[in-house]
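Heads up, the thing below is written out as structure tokens.
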Amino acid sequence: TEELPIKVTAKYYLNGEEVNPKKIKGKSGDVKIVYSFTNESYDKSSGMYTPFVVTTTSIINSDNNNGVSLIANSFSGTHMMYLNGGSFIL
């Protein structure tokens, strides 16, 4: 089996403390999920990485959750989007 060119990891936090994601269900508080993507496609002969675009989606039930925000960090800076009544505000 060949390795994927992008490595994806996720860390889950409840009220600022890292937790197992199975322990978040049914709890209330501030939840933070951090997805990290690492380009694993380094070519030693050229000394370059293959460029990729990565997208991530999450379905969040707005009946049970509020005050949802998304912070996306990239090499060029940080982009913030806030979910407000089902709309993204840039």
Side-chain angles (χ1 to χ4, degrees):
T1 304
E2 193 173 330
E3 298 259 340
L4 295 174
I6 302 289
K7 178 182 172 186
V8 181
T9 58
K11 290 185 178 182
Y12 299 82
Y13 299 85
L14 179 61
N15 297 320
E17 199 171 308
E18 188 172 357
V19 295
N20 182 313
K22 294 177 182 178
K23 295 187 176 190
I24 292 177
K25 187 174 181 177
K27 302 276 198 267
S28 63
D30 293 325
V31 175
K32 178 169 85 170
I33 305 170
V34 178
Y35 293 100
S36 299
F37 304 92
T38 305
N39 188 338
E40 300 283 341
S41 69
Y42 185 73
D43 180 41
K44 290 179 184 177
S45 63
S46 69
M48 298 178 68
Y49 288 91
T50 303
F52 290 101
V53 174
V54 178
T55 61
T56 303
T57 61
S58 293
I59 298 172
I60 300 172
N61 183 336
S62 61
D63 293 337
N64 301 328
N65 301 284
N66 59 42
V68 176
S69 64
L70 169 69
I71 301 173
N73 293 310
S74 67
F75 291 113
S76 62
T78 300
H79 312 283
M80 299 180 76
M81 294 176 281
Y82 296 94
L83 185 63
N84 182 6
S87 301
F88 281 102
I89 302 171
L90 298 176

Taken to the nearest 0.5 Å, the spacing of Y35 OH from K11 NZ works out to 14.5 Å
Item to complete: Keeping the roles fixed (side chain from N39, backbone from I6), state whether a donor-acceptor pair exists under 3.5 Å.
Response: no
Quiz item: Does atom CD of E17 have more than 12 heavy-atom neighbours, drawn from other residues, nucleotides or ligands, at distances under 6.0 Å?
Solution: no
For M48, the hydrophobic cluster (side chain heavy atoms closer than 4.5 Å, chained through members) also holds none
Residues K23, L14; criterion side-chain contact (heavy atoms from CB on, under 4.5 Å); working and verdict: CA-CA 9 Å; K23 295 187 176 190; L14 179 61; over 6 Å; no
**Asked** Is there a donor-acceptor pair closer than 3.5 Å between any side-chain N or O of D43 and the backbone N or O of T50?
**Response** no
Item to check | Co-membership, hydrophobic cluster, residues V31 and V19, 4.5 Å side-chain | outcome: yes
All heavy atoms of Y13 vs all of G16, minimum pair found to be CD2-O, 4.2 Å
Are Y42 and F37 connected, step by step, through hydrophobic side chains (Ile, Leu, Val, Met, Phe, Trp, Tyr) whose heavy atoms are closer than 4.5 Å? no
